[in-house]
Protein chains: 2
Amino acid sequence: MKLSNTSQYAIRILTYMADKQDTQRINAKDLSQTLDIPYKFLTKIMTDLVKVGFIVSIRGREGGYRFEKEISDISIEDILKTFNDEIKDEACILGIGYCNNTCKCALHDQWLDSKIALQKMFKESSIDTLVGEGNKV
Amino acid sequence: MKLSNTSQYAIRILTYMADKQDTQRINAKDLSQTLDIPYKFLTKIMTDLVKVGFIVSIRGREGGYRFEKEISDISIEDILKTFNDEIKDEACILGIGYCNNTCKCALHDQWLDSKIALQKMFKESSIDTLVGEGNKV
DNA sequence: AATTAATACTACCTTGAAGTAGTAATTAAG
DNA sequence: CTTAATTACTACTTCAAGGTAGTATTAATT
């Protein structure tokens, strides 16, 4: 049980960009090297982040990326949704279709509290709350 | 973020077997049909569950499977560990090596409480606490 | 002893995520 | 205008999880 590589990368990219916002513009090569993410894979993720409107790209020489949305308005949940990695509300943890109060799997009740806590955490963790001193990148 | 198919199947299998413990012996064909798990894939999982000592197999005609361990002594955590799907204590949620109090990623603190709650839930949910009336299988 | 119904084993195929390669498009600098 | 440095696009390859096929082994029934 873990986040996908893609989600992990995206969160790290955006958090790092937020940390460097003075620079205003950061390019794929720098991100790839600093975050140790394969260059070609990173650019693919960047394009997705552009398409979904979190960042904008500046093409050509001296180009790069900068935020489009306020970093206080981008949550981990938003990022996970971009890569279809979020915890969907009615998704059954045992994979038996959909669970709810009246139609539930054997783990449903036990899972419920943890799920809500996780969802809340993902929703309330916006990028601006993550930039901090001394964290690993 | 979800459990692997294999883990989901294994939990469902063991929970269903516990539910039917009066029968004492249940075979792969029945499990496959009742739980709608591909037969060949199910038998592969069963063999793993035998190897790890949760159940024993009886080969030959009239064969099948029954529990070896007490169902109160098999937790979801144990099952997840069998298929390498558990939440490892120091595994970084962002995939940057290992996290702990002194060396942490940007999400570490937010993740900590949820992680502990999840681990606790997985550890405390033994199979006997899951058998219940009217649950989906 | 033969048949039948069951699990175990080995090897393969499929699918989706992860990662790579090459080229086109864009734009600042010289 | 040319060059260099950048992102975007298209297509491919790799890897691990999920799933399938065939055969060997086991043991009760007849």
Side-chain angles (χ1 to χ4, degrees), chain A residues 1-13 17 23-68 79-80 82-86 94-96, chain B residues 1-13 17 23-68 79-80 82-86 94-96:
Chain A
M1 188 168 217
K2 62 186 260 315
L3 298 179
S4 69
N5 284 11
T6 306
S7 299
Q8 292 178 337
Y9 287 159
I11 295 168
R12 291 172 56 209
I13 291 164
M17 283 180 65
T23 321
Q24 269 300 47
R25 211 178 266 199
I26 188 160
N27 67 36
K29 192 172 164 218
D30 285 349
L31 286 170
S32 165
Q33 289 173 349
T34 308
L35 301 176
D36 195 27
I37 300 172
Y39 177 79
K40 284 288 195 176
F41 193 44
L42 179 131
T43 59
K44 193 186 278 185
I45 294 172
M46 296 312 281
T47 302
D48 290 339
L49 296 177
V50 169
K51 281 180 178 156
V52 79
F54 295 160
I55 57 179
V56 288
S57 64
I58 302 100
R59 294 177 69 165
R61 188 161 177 165
E62 302 292 299
Y65 304 93
R66 63 172 170 73
F67 279 101
E68 168 83 336
I79 302 172
L80 297 183
T82 302
F83 300 101
N84 196 33
D85 201 20
E86 83 276 20
L94 297 185
I96 318 172
Chain B
M1 187 167 219
K2 62 187 260 314
L3 298 179
S4 69
N5 284 11
T6 306
S7 300
Q8 291 178 338
Y9 287 159
I11 295 168
R12 290 172 57 208
I13 290 164
M17 283 180 66
T23 322
Q24 269 301 45
R25 211 177 267 197
I26 188 160
N27 67 37
K29 192 173 164 217
D30 286 350
L31 287 170
S32 164
Q33 289 173 350
T34 307
L35 301 177
D36 195 28
I37 300 172
Y39 176 78
K40 285 289 195 176
F41 193 45
L42 180 132
T43 59
K44 193 187 279 186
I45 294 172
M46 297 311 281
T47 303
D48 290 338
L49 296 176
V50 168
K51 280 180 179 156
V52 79
F54 294 161
I55 57 179
V56 288
S57 64
I58 302 100
R59 295 177 70 163
R61 188 164 177 162
E62 303 293 300
Y65 304 92
R66 62 171 171 73
F67 278 101
E68 167 84 336
I79 302 172
L80 297 183
T82 302
F83 301 101
N84 195 34
D85 201 20
E86 84 275 20
L94 296 185
I96 318 172

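Side chains included, hydrogens not; waters and symmetry mates left out as well; all remaining heavy atoms used. Just so we're on the same page: letters track the sequence lines, and every chain starts at 1.
Between the side chain of A:Ser32 and the backbone N or O of A:Ile37, at least one donor-acceptor pair lies under 3.5 Å. When atom types are taken as modelled, the side chain of B:Asp85 and the backbone of B:Ser4 share a donor-acceptor pair closer than 3.5 angstrom. At distances below 3.5 Å, at least one donor-acceptor pair connects side-chain atoms of A:Thr34 with backbone N or O atoms of A:Asp30.
The CD-P distance, from A:Glu68 to D:dT7, rounds to 17 Å in whole Å. In this structure, B:Leu31 atom CG and C:dA6 atom P are separated by 12 Å, rounded to whole Å. Rounding to whole angstrom units, CZ of residue A:Phe83 and P of C:dG19 are separated by 13 Å. Atom C1' of nucleotide C:dA17 and atom CE of B:Met1 are separated by 17 Å, given to the nearest angstrom. Separating the CE atom of B:Met46 from the P atom of D:dT26 is a distance of 20 Å, rounded to the nearest angstrom. Atom pair B:Ile45:CD1 and D:dG19:C1' shows a separation of 10 Å (rounding to whole Å applied). In this structure, the CD atom of B:Gln33 is 14 Å from the C1' atom of C:dA5, given to the nearest Å. Distance A:Asn5 CG to D:dA17 C1': 14 Å, rounded to the nearest Å.
The CD1 atom of A:Ile79 sits 9.5 Å away from the CD1 atom of A:Ile13 when rounded to the nearest 0.5 Å. Between the CG atom of A:Asp36 and the CG atom of A:Leu42 there is a distance of 11.0 Å, given to the nearest 0.5 Å. Atoms CE and CG, from B:Met1 and A:Leu3 in turn, are 4.5 Å apart once rounded to the nearest 0.5 Å. Within the model, atoms CZ of B:Arg25 and CE of B:Met17 stand 11.5 Å from one another, a figure rounded to the nearest 0.5 Å.
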task = Evaluate side-chain contact (heavy atoms from CB on, under 4.5 Å) for B:Arg12 paired with A:Ile96, printing each intermediate quantity in order.
result = CA-CA 9 Å; B:Arg12 290 172 57 208; A:Ile96 318 172; 3.6 Å; yes
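Residue A:Asn5 comes nearest to A:Lys2 through the heavy atom pair OD1-NZ, 3.6 Å, listed as atom of the first residue, atom of the second, then distance.
Nearest-nucleotide assignment on DNA chain C puts the 5′-proximal partner with B:Ala28, out of B:Ala28 and A:Ser7. Nearer the 5' end of DNA chain D, as judged by each residue's closest nucleotide, is the contact made by A:Lys51, out of B:Leu3 and A:Lys51.
For C:dG19, one of the phosphate oxygens OP1 or OP2 lies less than 4.0 angstrom from a side-chain nitrogen or oxygen of A:Tyr9. Applying the 4.0 Å criterion to OP1 and OP2 of D:dC9, one finds that A:Thr47 has every side-chain N and O outside that range. At least one side-chain nitrogen or oxygen of A:Ser57 sits closer than 4.0 Å to the OP1 or OP2 atom of D:dA8.
One can find a donor-acceptor pair under 3.5 Å joining the base of D:dT25 and the side-chain atoms of B:Arg59.
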Tabulate atom names and distances for all N/O pairs under 3.5 angstrom spanning the protein and nucleotides 20-22 of chain C.
residue: C:dT20; atom: O4; partner: A:Lys44; partner atom: NZ; Å: 3.4
residue: C:dG22; atom: N7; partner: A:Lys40; partner atom: NZ; Å: 3.0
residue: C:dG22; atom: O6; partner: A:Lys40; partner atom: NZ; Å: 2.4

For nucleotides 28-30 of chain C, print each protein N/O atom paired with a nucleotide N/O atom at under 3.5 Å, atom names and distance only.
residue: C:dA28; atom: O4'; partner: A:Arg61; partner atom: O; Å: 3.4

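The listed nucleotides are C:dG19, C:dT7, D:dT6; the one nearest the side chain of B:Asn27 is C:dT7.
Using a 4.0 Å heavy-atom distance criterion, A:Thr43 is classed as making no nucleic acid contact.
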Please list every donor-acceptor pair under 3.5 Å in which a side-chain atom of residues 43-67 of chain B meets a protein atom from a residue at least two apart or in another chain.
residue: B:Thr43; atom: OG1; partner: B:Lys40; partner atom: O; Å: 2.9
residue: B:Thr47; atom: OG1; partner: B:Thr43; partner atom: O; Å: 2.9

